[in-house]
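Counting starts at 1 for both ligands and their atoms, in listed order. Only heavy atoms go into these numbers, but all of them, side chains included; no hydrogens, no water, no symmetry mates.
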Amino acid sequence: MIKNKDKKVKALILLSGGLDSLLVSKLLQEQAKIETLYLKLPFSKDKTKEIKKFCKENKIKLHIVDCTKGKLFKEYMDMIRKPKFSRGTALNPCIDCHIFMLKKAKKLAKKIKVDIIVTGEVLGERPLSQNKKALLLIEKEAGLKEKVLRPLSAKLLPETEAEKKGLIERNKLLDIQGRQRKKQIFLAKKYNITFPSPGGGCLLCEKEYCKKLKFLLKKKLTYQDIKLLSIGRHFFASQIILGKNEQENKLLEKEKGIKIIPEQPGPTALIRLEKKQNKEKLIKKAKTLIRKYSKHKIKKFEIKSS
Ligand code: SF4
């Protein structure tokens with residue numbers, strides 16, 4: 001089928017904040033009218049600012065879906081607790097996470113009437129979720145069989161519906177494979193993308209973080225819990241958190257809860273009180289911990305509540 005040259009196909013590109021998906025938006029602009037989607041995920045580094053900047057500079061429409069609150073947060077956390085497929089080296093259920101993301105993209109695509117969903121995935125770049133079998137499984141599970149275009153590796157993957165229909169020209173797509181990023185760096189220079197450090201940024205891949213998380217997953221968690229788990233020393237199932245340095249002390253002082261601040265240099269403690277708990281008992285425990293982790297003899301404390 002020959003494409004009507006006046007009418008570009010409409011594509012929704014999932015932006016992760018990494019280089020690959022940014023390259024895809026540049027690569028596909030020639031063939032498609034593009035819009036982008038950024039899903040703000042609870043355990044991933046927030047890239048909203050960088051993505052907004054990129055989209056503004058390149059005059060690309062951006063949709064942001066915040067999965068750190070409300071129903072979407074709950075849905076995401078349910079998936080983290082009980083993934084259908086296997087986890088990676090820590091608690092990261094990457095296959096389920098990709099299915100979650102594609103389902104959200106599918107919903108938006110329907111609403112804004114786009115023809116294809118596009119991702120920046122590269123074959124073989126991540127062992128668990130970016131091998132051929134996993135890529136095909138993910139799109140099938142998301143109800144998007146043959147409907148997800150991965151332009152960076154498209155020539156190494158089965159033809160998608162859009163290519164079969166002639167909506168996208170396969171010969172203009174690429175055949176990048178593996179973890180080496182030479183081709184992506186070359187393309188970044190070509191497209192003048194002065195963007196980001198490679199991938200990473202997901203707390204679910206960090207073993208030390210996940211040791212603490214595993215314990216807390218049995219409880220109802222908030223986004224605040226998730227953020228706080230990555231800083232400080234945690235005691236009594238994270239009910240008392242002690243700052244490890246000045247920067248962490250300042251962060252803890254901004255959080256909701258009871259803050260115990262020593263008058264001499266030392267760690268700030270954040271107490272997160274649960275219903276029916278003895279406040280005085282926890283304050284006493286926090287003061288003991290502060291004294292233990294301070295080099296100075298602490299005599300007085302300031303107590304703030306918010
Ligand atoms: S690394 Fe984290 S954000 Fe990325 S797919 Fe895996 S679980 Fe999801």
Are the side chain of S294 and the backbone of P265 linked by a donor-acceptor contact shorter than 3.5 Å?
-> yes
Just checking, any donor-acceptor pair under 3.5 angstrom between side chains of Q224 and E255?
-> yes
Name each donor-acceptor pair under 3.5 Å that joins a side chain in residues 227-234 to protein atoms two or more places apart or in another chain, with its distance.
| unit_1 | atom_1 | unit_2 | atom_2 | d |
| --- | --- | --- | --- | --- |
| S230 | OG | K227 | O | 2.8 |
| H234 | ND1 | S238 | OG | 2.7 |
| H234 | NE2 | L228 | O | 3.1 |
| H234 | NE2 | I231 | O | 2.8 |

Note: ligand 1 atoms sitting under 4.0 Å from heavy atoms of C205 are 1 (S)
Listing protein N, O or S under 2.8 Å around atom 8 (Fe) of ligand 1 gives C97 SG
C205: side chain to side chain contact (heavy atoms under 4.5 Å, CB included) partners, not counting sequence neighbours | N92, C202
Lys NZ or Arg CZ of K285 over F236 ring: under 6.0 Å, within 45° | yes
Of K254, E253, K259, the one forming a side chain to side chain donor-acceptor pair (under 3.5 Å) with S306 is K259
Return yes when at least one protein heavy atom is under 4.0 Å from atom 4 (Fe) of ligand 1, and no when none is.
-> no
With sequence neighbours excluded, give me every salt bridge (charged side-chain N to carboxylate O under 4.0 Å, His left out) pair touching residues 183-194.
-> D175-K183
